[in-house]
Asks: 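I am attaching a structure below and will ask some questions about it afterwards.
The analysis underlying the following values was restricted to heavy atoms, covering all of them including side chains, and did not include hydrogens, waters or symmetry mates. First the proteins, then the strands, lettered A, B, ... as listed; each starts at 1.
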Amino acid sequence: MEAEYFTADVTSDKPPFSVVIPPPNVTGNLHIGHAYEHTQIDIITRRRRMQGYEALWLPGMDHASIAVQTLVERQLRDEGIDHRELGREAFVDRVWQWKEQYGGAILGQMKRLGESVDWSRERFTMDAGLSRAVQTIFKKLYDDGLIYRAERLVNWSPALRSTISDIEVEHREVDGELVSMRYGDGENSIVVATTRVETMLGDTAVAVHPDDERYRHLIGTEIELPLTGRKIPVVADEHVDPQFGTGAVKVTPAHDPNDFEIGKRHDLPMPTIMDEQGRIAHTGTQFDGMDRFEARVAVREALREQGRIVEEKRPYRHSVGHSSRSKEPIEPRLSLQWFVKVGPLAKAAGDAVRDGRVAIHPPEMSKRYFDWVDNLHDWAISRQLWWGHRIPIWYGPNGEVVCVGPDEEPPSGEGWHQDEDVLDTWFSSGLWPFSTLGWPEDTPDLRRFYPTSVLVTGYDILFFWVARMMMMGLYAMDGVAPFKAIVLHGMVRDAHGKKMSKSAGNTVDPLEWMDTYGTDALRFTLARGANPGTDSPISEEWVAASRSFCTKLFNATKFAMMNGARVPERLADRSELTDADRWVLDRAEQLVSDVDALLEDFQFAKATEALYHFTWDEFCDWYLELSKVQLDAGGERAERTREVLGYVLDVLLRLLHPTIPFITETLWTALTGGESVVVAEWPKPTGAVADEAAAERIAAVQKLITEIRRFRSDQGLKPGQRVAAKLGGVAELGLADHVPAVRSLARVTEPTDGFTSSASIEVGLTGGTVSVELDLSGAVDIAAERKRLEKDLAAAEKELTGTDKKLTNPAFLDKAPAEVVDKIKARRETAQSEIERIKARLEALPQG
RNA sequence: GGGCGCAUAGCUCAGCGGAAGAGCACUUGCCUUACAAGCAAGGGGUCGUAGGUUCGAACCCUACUGCGCCCACCA
């Protein structure tokens with residue numbers, strides 16, 4: 001157990017900080033999506049810990065009971081065992097075996113991601129403690145009249161032989177058929193249409209609109225229902241749209257939601273004509289025992305033989321609800337189920353976000369949330385499964401119904417039995433933020449960590465889980481919402497933004513990448529793609545690039561330490577530091593405040609990007625190179641440089657630690673001699689005022705060096721080849737101190753006695769021009785030089801035209817803010833002088 | 001049927017009213033004493049189309065086109 005990661009040093013006065021983390025995949029695999037999510041959570045938590053908060057995770061597992069049950073059923077089937085014959089208790093044992101088998105693997109994988117969690121078994125769901133929480137909340141809801149039992153039409157999954165909830169139904173467009181058929185005969189006949197012909201066996205009426213003249217004479221009469229010999233009434237109902245189809249609707253109350261409502265209004269019988277596996281049953285016809293799809297064909301052909309088929313449209317494209325777990329079309333089925341009355345719960349859940357007590361990141365996602373909680377149907381919570389929390393209701397021999405609380409003895413004796421159903425998996429998952437903290441007991445954890453600080457999860461689970469936790473939390477915890485912030489991320493996609501799926505073959509195994517490139521490289525890649533609320537593509541190439549970054553960081557630290565870098569007690573006075581020192585310190589200062597603000601706002605991608613660019617483009621490419629010159633100078637200068645190197649690296653490694661914990665731990669402890677960067681202090685801005693003048697001089701040096709390098713490259717000089725050069729105008733611009741740096745980085749040496757200027761370049765800087773004369777001691781590539789100058793000239797002329805156009809526009813001068821006008825004016829002047837300079841150079845060039 | 005989002009360099013994405021950006025890929029030259037998993041230099045975009053607002057639009061508005069997602073009990 002890695003307790004030191006989150007329980008050690010709990011001595012600060014910082015408020016507690018807790019995070020709810022979603023569970024890994026029930027199959028036991030660490031999916032790349034989980035690596036993505038857990039990386040974000042770990043970044044948040046590690047930063048908080050460095051800031052001195054007492055940070056706690058509430059890890060979850062096994063919440064998806066239907067999926068677990070399906071998996072174990074499949075496993076049993078592979079062994080040739082029908083789980084129904086196994087019996088309930090033996091089945092539950094199997095599930096526990098399954099958990100033992102896969103649970104451990106998941107823990108190992110999480111640890112490799114660098115996560116620091118108490119994975120002790122007590123925190124896992126389905127344990128006694130959590131069952132107690134489930135029982136307590138059920139009883140409370142029951143006593144408050146928010147749980148009721150009713151016969152309703154529910155979504156039935158014939159494959160699972162269980163109810164599923166509304167949100168577990170996926171609507172998909174499928175090619176079906178629309179069959180119109182005649183009921184009754186002659187004058188007393190009506191044509192109705194359906195996509196599910198087999199349901200006609202359960203029809204108990206035909207409905208028409210009350211004002212529909214075509215059918216007025218039939219209302220109240222009875223017509224014959226084919227194949228069954230039954231007589232069914234024609235009823236008038238407002239629900240029927242006279243414009244649609246024939247204006248007449250067959251009514252199957254037990255197998256269609258609309259028809260159920262019509263059936264209730266007209267007090268129609270509601271025969272169920274299918275069994276729990278979706279086979280026709282109890283109709284007394286030859287179709288009994290047929291599967292529903294088989295029956296669809298058989299019934300249609302039987303009607304055709306009787307000449308009752310009037311019209312067929314095939315294919316007929318329409319939307320059909322499918323079970324999100326087992327993928328087959330769901331069947332509306334009439335059955336007795338337990339429901340939660342969600343009205344007051346959903347209202348509270350909506351209000352908590354509406355009035356700002358809970359913030360959703362990114363805020364655009366709030367609308368989806370409101371649409372959902374504001375239009376919620378009552379929640380069917382009973383499931384006809386064996387794995388899950390059983391409904392704590394006992395039935396007595398004389399029709400008694402008793403809800404048993406956690407400290408109550410269930411009634412025993414002849415004829416008493418517990419409800420066979422288990423609760424919807426989201427019922428217990430909704431309790432997560434407080435049941436994991438020991439609720440219903442009044443524990444120290446609960447007092448300290450509820451409400452939790454932040455929930456990080458995918459937007460795909462907003463309705464399933466987030467909204468449930470909101471409802472349950474607010475209800476159980478006296479109106480205190482379970483978290484202060486909800487951070488929604490997108491899905492990890494492949495390199496081309498395609499959804500990852502096993503069938504598309506574009507899934508990735510994060511463990512393989514971790515082995516090849518390192519865990520930090522994977523984490524860095526995932527963090528770099530983590531823009532709130534949007535999907536994130538990932539590819540192996542990008543993980544490789546992240547590994548390069550880690551290597552770069554390693555080498556930079558190695559270089560600094562080889563040269564004696566050390567973290568100073570306190571930095572030397574600014575007057576003892578060079579422009580380069582001041583510049584890099586100011587940049588680091590800026591980085592601290594940028595990264596801190598971005599992480600505070602859960603902008604992982606931007607924070608990671610800022611760290612990447614500072615490390616590579618500023619620290620490595622410029623400061624390390626400049627520091628070589630300063631180190632060569634020796635003495636105090638070198639000593640100060642070692643301190644700046646140490647200081648900046650220390651800050652940088654601490655800033656990077658939440659994202660790439662492993663390499664930063666190694667480098668930071670080596671550099672500082674500190675115990676562990678995990679418990680190091682999170683960098684804070686020092687409040688130092690940036691030295692603008694130093695920054696400007698460094699920018700000038702960078703430009704000068706780049707221009708010389710560009711010239712060298714154009715002239716085909718090898719990077720290592722040193723060339724004598726005279727630098728003119730340096731002192732006038734206050735850059736005299738930087739000459740050694742320019743010479744070192746641009747690889748130009750002091751002119752010697754035989755110096756002959758064979759080429760020269762001029763670099764325009766703010767405040768003046770530096771001229772560089774080079775002794776190439778050989779032919780100068782005049783064509784290349786001309787080409788380059790012409791390109792620069794074209795750019796400058798374009799700039800002049802653009803700025804001129806603005807400055808000659810009176811409306812612009814009149815209406816644009818003064819600072820914008822000044823900026824454009826300055827740009828125009830620069831362009832003007834550039835053009836003159838380049839033109840002079842071109843004229844001076846020998847003809848070639 | 002309702003709602004939301006996205007169209008910017010070859011690919012993946014930032015930028016969201018005042019000079020078109022990054023990473024990868026690409027071209028050229030380099031084993032320059034931290035790093036070839038590297039260094040240096042460079043090429044590449046009328047910011048989906050058409051209108052409008054504005055001194056000024058990738059950015060705001062309208063329409064259109066093409067993608068993607070969510071929600072939904074019309075036979």
Asks: Looking at A:Lys552, does any N or O in its side chain come under 4.0 Å of the phosphate oxygens OP1/OP2 on B:rC39?
Replies: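 So the side-chain polar atoms of A:Lys552 do come within 4.0 Å of the phosphate oxygens OP1 or OP2 of B:rC39, strictly under.
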Asks: Measuring only the C1' atom in each nucleotide, how far is B:rG29 from B:rG18? A whole number of Å is fine.
Replies: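 Rounded to whole Å, the distance is 39 Å.
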Asks: If we take the P atom in both B:rC13 and B:rC69, what is their distance in whole Å?
Replies: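 B:rC13 and B:rC69 have their P atoms separated by 14 Å.
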Asks: Please measure how far the C1' atom in B:rC70 lies from the corresponding atom in B:rU62, and state the result in whole Å.
Replies: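 Their C1' atoms lie roughly 25 Å apart.
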Asks: If only side-chain N and O atoms of A:Arg710 are considered, is one of them under 4.0 Å from the OP1 or OP2 phosphate oxygen of B:rG42?
Replies: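 Answer is yes, contact under 4.0 Å.
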Asks: Go through A:Thr641 and A:Tyr623 one step at a time and tell me if the side chain to side chain contact (heavy atoms under 4.5 Å, CB included) criterion holds.
Replies: CA-CA 10 Å; A:Thr641 303; A:Tyr623 187 72; 3.8 Å; yes
Asks: Across all strands, who's sitting opposite B:rG48 as a Watson-Crick or G-U wobble pair, both distances under 3.5 Å?
Replies: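 Per the H-bond distance test, B:rC64.
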Asks: Using OP1 and OP2 only, check whether a side-chain N or O of A:His318 sits under 4.0 Å from B:rC74.
Replies: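 Negative; the distance criterion is not met.
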Asks: Taking OP1 and OP2 of B:rA19, is either one under 4.0 Å from a side-chain nitrogen or oxygen of A:Arg827?
Replies: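 Yes, because at least one side-chain N or O of A:Arg827 sits under 4.0 Å from OP1 or OP2 of B:rA19.
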Asks: Which part of the nucleic acid does A:Pro810 contact within heavy-atom distance under 4.0 Å: base, sugar-phosphate only, or nothing?
Replies: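 Nothing, no nucleic acid heavy atom in range.
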Asks: Before giving the answer on side chain to side chain contact (heavy atoms under 4.5 Å, CB included), spell out for A:Lys498 and A:Met500 the whole-Å C-alpha distance, their side-chain angles and the decisive distance to 0.1 Å.
Replies: CA-CA 6 Å; A:Lys498 295 254 160 44; A:Met500 284 190 186; over 6 Å; no
Asks: Here's a test for you: under side-chain hydrogen bond (donor to acceptor under 3.5 Å, both in side chains), which of A:Arg152, A:Gln337, A:Glu168 qualifies with A:Thr163?
Replies: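 When A:Arg152, A:Gln337, A:Glu168 are each tested with A:Thr163, the side-chain hydrogen bond (donor to acceptor under 3.5 Å, both in side chains) holds only for A:Gln337.
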Asks: Please confirm whether the shortest side-chain N or O distance from A:Thr534 to OP1 or OP2 of B:rC6 is below 4.0 Å.
Replies: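 It does not, given that no N or O in the side chain of A:Thr534 lies less than 4.0 Å from OP1 or OP2 of B:rC6.
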Asks: With a 3.5 Å limit on both atom pairs, tell me what B:rU33 is paired to, counting Watson-Crick and G-U wobble, or say none.
Replies: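 With both distances under 3.5 Å required, B:rU33 matches none.
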Asks: Looking only at N and O atoms, is any donor in the side chain of A:Glu625 or the base of B:rA34 less than 3.5 Å from an acceptor on the other one?
Replies: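 For A:Glu625, whose side chain was compared with the base of B:rA34, there is a donor-acceptor pair (under 3.5 Å).
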Asks: Strictly by Watson-Crick or wobble contacts shorter than 3.5 Å, is anything paired with B:rG23, and which nucleotide is it?
Replies: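 With both distances under 3.5 Å, B:rG23 matches B:rC11.
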Asks: Distance check, P atoms only: B:rC35 and B:rC16, in whole angstrom units.
Replies: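 One P to the other, the span is 39 Å.
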Asks: If you compare every side-chain N and O of A:Lys628 against the phosphate oxygens of B:rA34 (OP1, OP2), does one of them come in below 4.0 Å?
Replies: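 Indeed, a polar side-chain atom of A:Lys628 lies that close.
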Asks: Which nucleotide in the list B:rA34, B:rC55, B:rC74 gets nearest to the side chain of A:Asp241?
Replies: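 Looking only at side-chain atoms, A:Asp241 lies closest to B:rC74.
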Asks: Just to confirm, is there a sub-4.0 Å distance from OP1 or OP2 of B:rG15 to any side-chain nitrogen or oxygen of A:Lys606?
Replies: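 For A:Lys606, the contact criterion (side-chain N or O under 4.0 Å from OP1 or OP2 of B:rG15) is met.
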Asks: Is it the case that the base of B:rA37 and the side chain of A:Thr551 share a donor-acceptor contact (distance under 3.5 Å, atom types as modelled)?
Replies: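 Under the 3.5 Å cut-off, the side chain and the base do form a donor-acceptor pair.
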Asks: When the C1' atoms of B:rA63 and B:rG56 are compared, how many Å lie between them, rounded to an integer?
Replies: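 Nearest-Å result for B:rG56 against B:rA63 at atom C1': 24 Å.
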Asks: Between B:rA20 and B:rA14, how far is it from one C1' atom to the other, in whole Å?
Replies: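 Rounded to whole Å, the distance is 12 Å.
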Asks: Can you figure out which of B:rC11, B:rC55, B:rG29 approaches the side chain of A:Lys718 most closely?
Replies: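 Among the listed nucleotides, the one closest to the side chain of A:Lys718 is B:rG29.
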Asks: Could you tell me whether A:Arg172 and A:Glu170 have a side-chain N and a carboxylate O separated by less than 4.0 Å?
Replies: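 Yes.
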Asks: Taking the nucleotide of RNA chain B with the closest heavy atom to each, which residue, A:Trp616 or A:Ala816, is nearer the 5' end?
Replies: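 Final value for this comparison: A:Ala816.
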Asks: B:rG21 and B:rG45: how far apart are their P atoms, nearest whole angstrom?
Replies: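 One P to the other, the span is 13 Å.
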Asks: Distance check, P atoms only: B:rA36 and B:rC47, in whole angstrom units.
Replies: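 Each nucleotide's P atom is 41 Å from the other's.
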Asks: Record whether the side chain of A:Arg547 comes under 3.5 Å of the base of B:rA37 through a donor-acceptor pair of N or O atoms.
Replies: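 Indeed, a donor on one side and an acceptor on the other fall under 3.5 Å apart.
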Asks: Answer with yes or no whether the side chains of A:Tyr183 and A:Asp203 bring together a donor and an acceptor at under 3.5 Å.
Replies: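 The criterion, which ignores hydrogens and geometry beyond distance, is satisfied for A:Tyr183 and A:Asp203.
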Asks: Which listed nucleotide (B:rA72, B:rC30, B:rA34) is nearest to the side chain of A:Pro719?
Replies: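 Looking only at side-chain atoms, A:Pro719 lies closest to B:rC30.
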Asks: Does this structure show an ion pair linking A:Arg300 with A:Glu177, if we count only N-O contacts that are shorter than 4.0 Å?
Replies: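 Between A:Glu177 and A:Arg300 there is a salt bridge, with a charged N closer than 4.0 Å to a carboxylate O.
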Asks: So A:Thr194, base contact, sugar-phosphate only, or nothing? Heavy-atom distance under 4.0 Å.
Replies: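 Contact class for A:Thr194: sugar-phosphate only.
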